[in-house]
Asker: 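Could you have a look at this structure, given as structure tokens, before my questions?
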Amino acid sequence: MQTSLKAIFDNYASKKSIFKNKKAITISYNPDELPHREKEINTIASILAPSIRGEKPSNIFIYGKPGTGKTAVVSYVTKNLVEISKDKKIKIVYINCKMRKVADTEYRLLAQLTREFGEDVPATGLPTDHIYNMFFNAIDKTEQTIIIILDEIDVLVDKIGDGFLYNLTRVNEDLKNSQVCVIGISNNLSFTNEIDPRVKSSLSEEEMIFSPYNATQLQDILRRRMSIVFNENVIDEGVIEKCAALAAQEHGDARRALDLLRVAAEIAERNGSEKVKEEHVDKAESKIDKDRILEAVKTQPRQSQAVLWSILKVKEEEVYTGDIYNIYEKVCLENGIKPLTQRRVSDLISELDLLGIINAKVISKGRYGRTRIVKLNLQEQLVNKIREILVSQYYFQ
DNA sequence: AGTCCACAGGAAGGGCAGGCGA
DNA sequence: TCGCCTGCCCTTCCTGTGGACT
């Protein structure tokens with residue numbers, strides 16, 4: 001082993017770890033308590049309670065911004081519900097509609113749901129009405145109250161329309177032995193305006209809005225989690241406050257607050273510090289943003305990357321759409337890419353703006369037309385990283 | 001007040017790939 | 001297996017726009 005490597009490992013092994021239970025600060029961790037969501041927990045529990053007596057609970061539609069505890073609260077309540085009613089025959093089915101290859105199409109979603117009841121469904125090939133029958137029969141055979149949780153339901157409706165929800169919310173009319181309750185969860189507050197009013201009224205028998213956490217509540221959440229995740233006295237004063245304040249600035253996102261704390265602790269540990277300090281939170285914030293941007297750059301299609309490469313080639317601080325297009329045409333020529341039209345490039349520029357990679361603003365230059373002014377608001381170091389990615393992925397020159 | 005520039009951005013439709021379903 | 005359908009990416013055509021210039 002190289003001596004430098006040995007030094008790194010030895011150093012790591014000899015240091016006291018900051019983390020006591022690192023798993024408890026990851027996305028997949030289900031906490032035993034959900035502070036500041038008592039009201040929501042009680043409401044959902046009382047809506048679902050009839051299922052213990054074998055009655056059908058009302059469908060629930062929940063919406064709120066990301067990181068407001070929607071999924072955590074629902075899984076907390078349903079987990080407890082199943083535990084309490086061990087022999088009462090309640091089955092929970094959770095589907096995250098954002099998962100690819102699970103809820104991309106009506107067929108896949110139905111196949112996934114049917115498999116939850118032990119049925120063997122081919123990945124493709126069956127007519128949709130056939131699989132609907134399989135699904136209904138499978139449910140009815142169980143003689144249970146089925147609670148189907150559709151997380152990120154807005155993504156599902158975007159992809160496959162609301163026909164599926166219409167059928168699902170009416171399934172009870174055809175069932176003899178079982179009953180189905182649907183819990184829809186959405187980040188998009190205007191989602192219900194986009195669906196059929198009949199679906200809307202049956203899905204939203206009960207409607208709930210999860211409001212964002214404020215900075216004080218976020219601090220409390222972090223403090224309670226802190227004792228599970230970290231060893232004693234490793235979090236410096238002001239760290240929790242800073243993480244909470246930064247996350248509250250966004251939209252009261254608890255996930256963001258926990259991420260900040262986790263990344264800050266990882267940075268502290270990597271730097272050999274025995275304590276997590278405020279400066280680590282600053283570094284964590286810029287690392288999270290940096291990672292997000294680099295990830296976005298990596299996953300862009302080639303044409304979009306060519307547009308970005310053209311923007312990076314500009315020496316001036318600001319450029320206009322027309323200039324970018326001229327450079328882009330040259331870049332295409334040099335790299336053997338078929339150039340897109342200006343109309344399309346204009347859309348790609350707005351997409352890059354939406355991703356936060358560039359900053360584009362529509363301005364008017366009076367006699368000299370209306371255009372977009374484009375700036376790169378990134379640190380030199382990050383720009384260099386982006387260049388490296390573009391060169392290594394597509395050999396741009 | 002009217003003109004004009006350089007686009008923004010909406011609408012419609014073509015082409016293609018991949019998935020569906022009989 | 002193969003025709004059909006759908007979604008995505010893209011082009012073409014078009015109207016709209018803010019403000020400098022005349």
Asker: A/D151 and side chain to side chain donor-acceptor pair (under 3.5 Å): which single residue from A/N96, A/T71, A/N187 fits?
Answerer: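 Per the side chain to side chain donor-acceptor pair (under 3.5 Å) rule, the option paired with A/D151 is A/T71, out of A/N96, A/T71, A/N187.
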
Asker: Check every atom of C/dA20, C/dT11, C/dG19 against the side chain of A/T341 and return the nucleotide holding the closest atom.
Answerer: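 For the A/T341 side chain, the nearest candidate turns out to be C/dT11.
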
Asker: Measure from the side-chain heavy atoms of A/R367 and tell me the nearest of B/dG9, C/dG18, B/dC4.
Answerer: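 For the A/R367 side chain, the nearest candidate turns out to be B/dC4.
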
Asker: Given atom OH of A/Y320 and atom P of B/dC7, what is their separation to the nearest angstrom?
Answerer: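 A/Y320 atom OH is separated from B/dC7 atom P by 10 Å.
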
Asker: Does a nitrogen or oxygen in the side chain of A/S346 sit under 4.0 Å from OP1 or OP2 of B/dA8?
Answerer: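 For B/dA8, OP1 or OP2 has a side-chain N or O of A/S346 closer than 4.0 Å.
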
Asker: When you group the ILVMFWY residues by side-chain heavy-atom contacts below 4.5 Å and let the links chain together, are A/I267 and A/V229 in the same group?
Answerer: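 The answer is yes; both residues are in one hydrophobic cluster.
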
Asker: To the nearest Å, give me how far apart NZ (A/K361) and P (B/dA6) are.
Answerer: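 It works out to 21 Å between those atoms.
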
Asker: Looking only at side-chain atoms of A/R344, point me to the closest of B/dC7, C/dA20, C/dT11.
Answerer: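 Nucleotide nearest to A/R344's side chain: C/dT11.
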
Asker: Indicate, yes or no, whether a donor-acceptor pair under 3.5 Å links the base of C/dG19 to the side chain of A/R370.
Answerer: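 No.
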
Asker: Please give, in whole Å, the distance from B/dA6 C1' to A/N326 CG?
Answerer: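 Distance, rounded to whole Å: 12 Å.
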
Asker: Does A/R372 place a side-chain N or O at less than 4.0 Å from the phosphate oxygens OP1/OP2 of B/dG9?
Answerer: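 Checking B/dG9 against A/R372, a side-chain N or O does come within under 4.0 Å of OP1 or OP2.
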
Asker: Without decimals, in angstroms, what is the distance between A/I349 CD1 and B/dG9 P?
Answerer: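 Roughly 11 Å, once rounded to whole Å.
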
Asker: Can you tell me which nucleotide in C/dT11, B/dG10, C/dC21 comes closest to the side chain of A/L340?
Answerer: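 Closest of the options to the side chain of A/L340: C/dT11.
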
Asker: What integer distance in Å separates A/L348:CG from C/dC10:P?
Answerer: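 Atom-to-atom, A/L348 to C/dC10, this comes out as 7 Å.
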
Asker: Which nucleotide sits closest to the side chain of A/T321: B/dA8, C/dC13, C/dG19?
Answerer: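 So the side chain of A/T321 is nearest to B/dA8.
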
Asker: From CG of A/D347 over to P of C/dC9, roughly how many Å is that when rounded to an integer?
Answerer: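 So the two atoms are 11 Å apart, to the nearest Å.
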
Asker: Do A/M226 and A/I240 have side chains that approach each other closer than 4.5 Å (heavy atoms only, starting at C-beta)?
Answerer: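 The answer is yes, as the side chains (C-beta and beyond) meet within the 4.5 Å cut-off.
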
Asker: How many whole angstroms separate atom CD of A/Q303 from atom C1' of C/dT11?
Answerer: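 That distance rounds to 13 Å.
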
Asker: Please identify which of these residues, A/L81, A/V82, A/I146, meets the side chain to side chain contact (heavy atoms under 4.5 Å, CB included) condition with A/S51.
Answerer: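 Of all the options given, the one that passes is A/L81.
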
Asker: Which whole-number value in Å describes the distance from A/I373 CD1 to C/dG19 C1'?
Answerer: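 Nearest whole value for this atom pair: 15 Å.
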
Asker: Do the charged groups of A/E266 and A/R262 touch, with an N to O distance under 4.0 Å?
Answerer: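 Judged by the 4.0 Å cut-off on N to carboxylate O distance, A/E266 and A/R262 do form a salt bridge.
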
